[in-house]
Amino acid sequence: MERTVTYRQSRRGGGKLTQHLSSWLIMLPSILLFAFFLWGPLAQGIVMSFFTTRNVSLDKFVGIGNYASIFKSQEFWQAFGNTVMYTVWSLVIGFLVPIAMALVIGETTRGKGFFRTASYVPNVLPGLAAIILYTAFFSAEETGVFNIILKWFGVERQSYLTEMGLVIPLIVIISTWKGAGATALIYMAGLSGINPELYEAATIDGAGIWKRVRHITMPAIFNLGSTLMILQIITVFQILYEPMVLTKGGPDNASLSLMYLMWRYAFGGRIEFGKAAAAGVIISLILLLFTLLYTRVNRRKNDWEG
Amino acid sequence: MKTRLLALAAALSILLAACASPSATTGNVPGSDPANDPSPSPATPPVEAPSELLEVDSEVIDADLTCTITAGNYPADTAPEAEIAVFDGYIDILKKQYPNVTVIPDYYHYTLDTYISRAVGGSAPTIFQPPFTDPPILIDQGLVADVHDALEQFELVDKFSESFIDMLSDDNGRLYGLPRDGYVMGLHLNLNLFEEAGLMNEDGTPMYPKTLQELAETGKIIKEKTGKAGLVFPASDSFGGWMFTCLAWNFGAVGENAMQYQDENGKWIINLTSDACVQALAYVKSLKWEYDILNADTTTSTWASCHTTLGTGEAAMNFAANDAVSNPTAGAGLAVDKFAMVPYPAGPAGAYALTGGTAYMFAPDTTTDQAVAALALLKINGLLPFVTESTEAGMRAAQAALRDRGGPVLPPVPAWDDEEFVAKQREISEEYSNVDMRLYNDYFNSLADGSITLKGEEPMLTQDFYREITRAVQAVIVREDRDPLAALQSAQDNFQAYIDDQLGQ
């Protein structure tokens, strides 16, 4: 009997192994790719953050020296504050625009396909090309595109990216212009899932467009909106090339972001990859908090749906 | 004149190297070539090499040297065909002299941020051209090759001045590169705007500003008469600080008022709150808020964009050096007879001008054979201190190409103090000259007669120092109510903390 049990357990175990083996084999390419491109560099970055470096090689162990140096630096806190402001402005400007676009395009009866495609076109442009395009638009010189337009209406030329109070909102507007169409498509997909009978019933009951949006559309996309908001915060927190190309972090560091500061540690002067790695770890920890929040929201959403 | 030039060359070689102490730092250094296109090697265009190079009798020098090198700074596909043909002509001669050497042209133009990844990833060109601020950190970080043996094979080591050996060698005295040429800061002028503003003498020379006060007043006249900026001023990234230090020297931030100095205990002290620095920053502020002569995009302007602004007639003056005269002309379309270069305007405390230059260095995996082949290519270019038939032809071809594409052919500011070589460079530049030297004589005379004091860059963590000062410069440019002393105090406190942290002092 004992033998039989052992045999059965063994067979059962072997069966599981065979079953698991095929699963592991299916996952293996992904695991290898993740290990090589993600987990390996991630672990190396964490290790590097505790060392000084000679180009990209580890030199001397300095414990939390790189972290202490970063936290002592006024630039870090300025960049942190700016990054928070990027996030706040992106919520003020960038969060509602795609929803509005989705609603307007959704309500459009003619040319919906055209507007849907047109809203997505900026997203197709290479990021740097779009940013460089905007340097011509926001130039404070007479040759700046917006200043030329203002001149048609007799308005004096204006400064844009050289204004400390304007620079972050303008960068967010540019980013929104580029990315809103893609997000709007996701909202449109969400909106298409709403049962049209609800709208018909509401209309019969005398609900206008605002009431339909408020009582049917908004609740329907609330969970989707929560998820996209957290993803947006995570993305905007990593803003890099927009300030790098448009303003180089200026004026007076008014547009310096955490990611750009990290880039500067590595490539901008002293070639301090250890310090850059430490900055990367700090940013990752902040983003981890947001990710946990995202997971929590997502789980709550699934619970509701479940 | 020849003696004065040689004396100048010797003095320059010391000063140029002094601008990059072992502790100097790097970055997208003002004065370096701005283009950076990491595209793969270009196809050879079907344009015949210039006659100067075709006439060279190229005998085989070393048939045993077998290697492949990549040569950076190959002109872009959009460059004039003549310019590409010159580069190809050099390569053709090298192939004749060293039949088993293969040269792969590379568009790459050095900047520190792009070079690091290339060097570590093994795709840096065999030879590239960093500015003088960068060799110490490239050597310190192990990002360049030791080419001492190749330099010895070429009998170049003995031709180095001591100051260049200090800049381009490690602690063991091994050399990692060689100087290309030098520059001295002056003032570039767009004569179209000077004419429009009525600021030309009867003999066709400009009424240019000789002092910083005159610069502000001249700029104001130009702004009022033409509506264009009197002065284009780069104040983005680290450029604003770079510009500021030279201004501050002229206000007296030298000697006991130096911006960086070591105290009696050897500790490095940052001194940006001296009267000289405060006056200099107040001067920059006045250019914006009192005289209103600066370009509107000052805080996003770079060294490269300033040349375009001047060349396209959007500004009349630009603080720039002799190594960049082709940028506003050949690069941005300003006719060569509408361009002038004059000495850096003097300040209330003297006349100082920044001096620097460009080096040749080699990718970290370069072998001695590859370094020898790269040096052979430089020799054919006429860039090494040798005077032979082929080097002379190389010099002629370069000057002819520059003249053909509309850049001013000017006397050199040499990095080598070899008498015969400097004399030949000068002779050839005169032969191919396409400019009215009256528009440049004051600049070159000021270097030769010592009426302007040449000064290397601030020694410690230079690019980081510039970046910190740039914040103060930007602050007074974008905010009329920003106090220069307060802005400089903030920069001083921040950078003192940074340098203490970096040096552990």
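Here is how names work: the chains are called A, B, and so on, in the same order as the sequence lines, proteins then strands, and each is numbered from 1. These values consider heavy atoms only, across backbone and side chains, with no hydrogens, waters or symmetry-generated copies.
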Nearest heavy-atom neighbours spanning [X] and [Y]:
X	Y	answer
A/Ala140	B/Ala296	O-CB, 3.3 Å
B/Val478	A/Pro251	CG1-CB, 3.8 Å
B/Thr300	A/Thr247	CG2-CA, 4.2 Å
A/Arg54	B/Asp140	NE-O, 2.8 Å

Contact between [X] and [Y] at the side-chain level, heavy atoms closer than 4.5 Å - yes or no?
X	Y	result
A/Phe267	B/Thr114	no
B/Thr299	A/Lys248	no
B/Gln474	A/Met164	no
B/Asp297	A/Thr135	no
B/Ile137	A/Ile271	yes
B/Asp113	A/Trp263	yes

Between OG of B/Ser490 and CG of A/Asp252, what distance do you get to the nearest 0.5 Å?
7.5 Å
Please flag which part of [X] lies under 4.5 Å from any non-hydrogen atom of chain A: side chain, backbone, both or neither.
X	result
B/Asp501	side chain
B/Thr309	neither
B/Arg482	neither
B/Tyr115	neither

Ignoring hydrogens and geometry beyond distance, is a side-chain donor-acceptor pair present between A/Gln74 and B/Asn494 at under 3.5 Å?
yes
Interface moiety of [X] toward chain B, non-hydrogen atoms closer than 4.5 Å:
X	value
A/Gln78	side chain
A/Ser73	neither
A/Thr53	backbone
A/Ala266	backbone

Look at the side chain of B/Arg467 and the backbone N and O of A/Gly268, then say whether any donor-acceptor pair between them is shorter than 3.5 Å.
yes
